[in-house]
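Below is one structure, written out as structure tokens; comments come after it.
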Amino acid sequence: MENVGTYFARLRSLVALELQAEQQSYRASLEARGATLSGSIREPSCRYPIRLGNTSYNALGQLCIDISYEVGDDEVELDFEPGKPATLFYLAGDNLHELPHQCYVERVGDGWMSLSLPSKAAAQSIADSAARHLTGVQLGIDNTSFRVMTEALHEAERKEDERFVGLRSVLLGLTPPAFRSLPQLSFPWLNHTQQAAIQRTVEAQQLSIVHGPPGTGKTTTLVEAIVETLQREPQVLVCAPSNAAVDWISEQLMRRGIHVLRVGNPLRMSDEMLDCSFERRYSAHPDYHELWNIRKQLREPKGLGAAARQKLQSRQTELEIKITADLFAQASVVSCTLIGAAYRIMERRHFSTLFIDEAAQALEPACWAAILKADRVVMSGDHQQLPPTVKSLEAAKGSTSNSSSEIAFGLADTLMQKLVARWPQAVSLLTVQYRMHRDIMAFPSRWFYGGRLQAAPEAADRCISPLDTPLMWLDTSARSGAEPAEKRNRAGSISNADEARLVIHTLRDYIEMVSPQRIESERVDFGIITPYRGQARLLRRLLKMQHYFRKLKRHITVGTVDGFQGQERDVIVISLVRANAEGQIGFLRDLRRMNVAITRARMKLIIVGNAETLSRHRFYRELIEHIKEHGEFIEIKPDTDEKA
């Protein structure tokens, strides 16, 4: 194992590579648009042209402006999300110009979004520019996250607090984790592996890991572990890599009656969490009215002498400190993103225990921002599902200038993944799953989890119809001609129109078999999953074109694998897209994607794909054999009637 200094220096170099890739990608996209901007742009991270609408103020008093844009039948998935940075631009001559205003996405709708602006002057500047030029909007770069990660890594390397040094030694693999012996806890409403995981969590002195495969009740277990920890500690810190994940675990804790203080940007919180946000509770504090009046007086330039102003400023500071202290003192759980743990109001906050949910999707440098505030860490997640997104291939794989270290790693290697390998004694695997039919579960259990998963009795034989099989593969090999069916668009995403039509045709046939009336009355839900955005766009367009699906659209969701992580549906249809003579399957080689896709299904899994192309890979070959044994394998002939 490399020494502490070398380890953190390596992580910092990986963060720098990722930032560099972000900046290069952003500049390249601007330059490409400047060279080719002639028509409209409807890309995941860009809209052009846009129309300016009304201005208003949000709940935080920030000025916002509405913008709208055309929406086509082939509308793409948006990368714009509340809280993300955005930049406005316009074309003058042959040059593309950015407006010098850092905006943030406030809300996003169908054909419109609202942006929060830094000032009234920025709003006027944007309006003046839009009056002279066609204007567009593009996602910007959030440099804050990279700065926070870099600073956290420096502090983690230098910090010499005795407790932290002991924790750091365990997390870097230098010292094994220690456990104390406690009386056996009892949770009759949980299964034996969930109970064992909570017992191990409470006994851990530095590190505990809850490994929760799909459908095994990971969130339920983590919530109980937090509740049990609060019997021994007054307050804990709960983090996750994304705002959505933080909101989810926070909501579950609130339902248990736990007092949660949600720290972070309210624009990126769910509506359910706003009442628990630091800002909302701050403004609801009994002393806030006095503070508001003082701030109002201080904004008035006239009528205040120096002594009076100084007295008001002193009282303002006193109230700000008191309100903040009261809010943190009242909370049993403080929740935020990993990056949010570095917010100013979190300075000098310390917690005995840090819980990191979805730790297998978290960049390691972001984890250290939260770890700095704790004496021990409990991680929860599944490293056999999707990893964090890393844009730089060099950063993902760990190709840095100082890569001569004893153990090579990249940003795609998460801290949880490393710790599972280093300290198996700290890992509690949940093995009873409550989601899938046993035949759907069996293959991912064998491939990813050593065959250790078992279906709970209530899920094991659950199916749509007793005459139906839970597994089906529709093989499109016989339909492939000399030319590959897959097509790559300008953005690099792949689609397969022939397969998309077959998916829609299959979905309609299956709905007819079940009956639309039963689907409505029993609320049967469907998910169509594909690895490629281009295919997802095509599938949505085909669904919109068919009047048949209009009454059922609330029962059907179409999305990419990434968009479906953490979700489940009664029926899942997977479109694998790839069909070529060379057997090229792209990132379908990342088998964690297929693990996510397969394990979304409760009762029925239908896979549509070219078996000839895919079966050159051992995983897909064995999956096909499993489906042939436990379900249906159907060869789709070239003359199959399709009216989709």
Side-chain angles (χ1 to χ4, degrees), residues 10-33 41 43-46 76-81 83-87 89 98 102 104-105 137-153 240-245 268 337-339 358-369 383 385-403 408-417 488-494 531-534 536 559-563 565 586-590 592-593 596:
R10 179 172 176 75
L11 279 175
R12 289 194 297 272
S13 67
L14 295 174
V15 171
L17 279 174
E18 180 67 0
L19 174 58
Q20 184 180 19
E22 288 261 15
Q23 293 170 333
Q24 288 175 346
S25 174
Y26 179 74
R27 290 297 163 195
S29 65
L30 283 181
E31 291 171 5
R33 285 173 186 141
I41 298 177
E43 295 179 2
S45 61
C46 183
V76 302
E77 287 184 279
L78 280 175
D79 287 339
F80 292 92
E81 296 174 0
K84 283 193 172 184
T87 302
F89 64 87
E98 287 182 86
Q102 180 71 79
Y104 288 89
V105 179
V137 61
Q138 170 166 307
L139 275 181
I141 300 174
D142 187 1
N143 292 306
T144 302
S145 296
F146 292 98
R147 176 183 56 78
V148 166
M149 288 190 287
T150 301
E151 290 176 356
L153 294 172
S242 69
N243 281 283
R268 306 192 74 168
T337 63
L338 294 164
I339 296 298
E358 301 297 351
Q361 285 190 282
L363 292 172
E364 179 175 352
C367 290
W368 285 102
H383 54 287
Q385 296 189 58
L386 291 177
T389 300
V390 182
K391 290 189 175 180
S392 166
L393 186 60
E394 284 184 288
K397 292 186 174 181
S399 303
T400 66
S401 57
N402 63 339
S403 59
F409 61 86
L411 286 184
D413 301 307
T414 64
L415 183 57
M416 176 177 164
Q417 185 179 347
R488 188 179 297 272
N489 64 22
R490 287 187 303 172
S493 189
I494 295 175
Y532 296 96
R533 281 184 165 180
T560 59
V561 179
D562 300 60
Q565 177 139 330
F587 60 47
L588 286 181
R589 284 194 180 88
D590 185 349
R592 291 171 294 186
R593 290 182 178 277
V596 171

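All residue numbers refer to positions in the sequence shown, counting from 1.
Atom NE2 of His383 sits about 12.5 Å away from atom CG of Leu415, to the nearest 0.5 Å. Between the OG1 atom in Thr144 and the CD1 atom in Ile339 there is a gap of 9.0 Å [rounded to 0.5 Å]. Here the CG-CD distance, from Asn143 to Gln23, works out to 6.0 Å after rounding to the nearest 0.5 Å. For the atom pair CD of Glu364 and CG of Leu411, the computed distance is 8.5 Å after rounding to the nearest 0.5 Å. Here Arg533 contributes atom CZ and Ile494 contributes atom CD1; the two are 14.5 Å apart, rounded to the nearest 0.5 Å. From Asp590, atom CG reaches atom CG of Leu386 across 7.0 Å, with rounding to the nearest 0.5 Å.
You'll find the side chain of Arg268 stays beyond 4.5 Å of the side chain of Thr337, heavy atoms only. Side chains of Val137 and Phe89 form no contact here, defined as non-hydrogen atoms less than 4.5 Å apart. Side-chain contact between Gln385 and Arg592: absent, with no pair of heavy atoms (C-beta onward) separated by less than 4.5 Å. The shortest distance between side-chain heavy atoms of Leu363 and Val390 falls below 4.5 Å. At least one side-chain heavy atom of Trp368 sits less than 4.5 Å from a side-chain heavy atom of Leu11. Between Gln361 and Thr414, the closest side-chain pair of non-hydrogen atoms is not below 4.5 Å. No side-chain heavy atom of Pro365 sits under 4.5 Å from any side-chain heavy atom of Phe146.
Ser392 approaches Ala21 most closely through the heavy-atom pair CB-CB, 3.6 Å. Taking every heavy atom of both residues into account, Ile141 and Pro85 meet most closely at C-CG, 3.9 Å. Contact between Met416 and Ala360 at its shortest, heavy atoms only, is SD-N, 3.8 Å. Of all heavy-atom pairs between Phe409 and Arg10, the closest is O-NH2, 2.8 Å. A pairwise comparison of heavy atoms in Val105 and Ala86 identifies CG2-CB, 4.3 Å as the closest pair. When all heavy atoms of Leu14 and Gly398 are compared, the closest pair comes out as CD2-CA, 3.7 Å.
Phe587 and Tyr532 have their aromatic ring centers within a separation under 6.0 angstrom.
Using a 4.0 Å cut-off between charged side-chain N and carboxylate O, Glu18 and Lys391 make no salt bridge.
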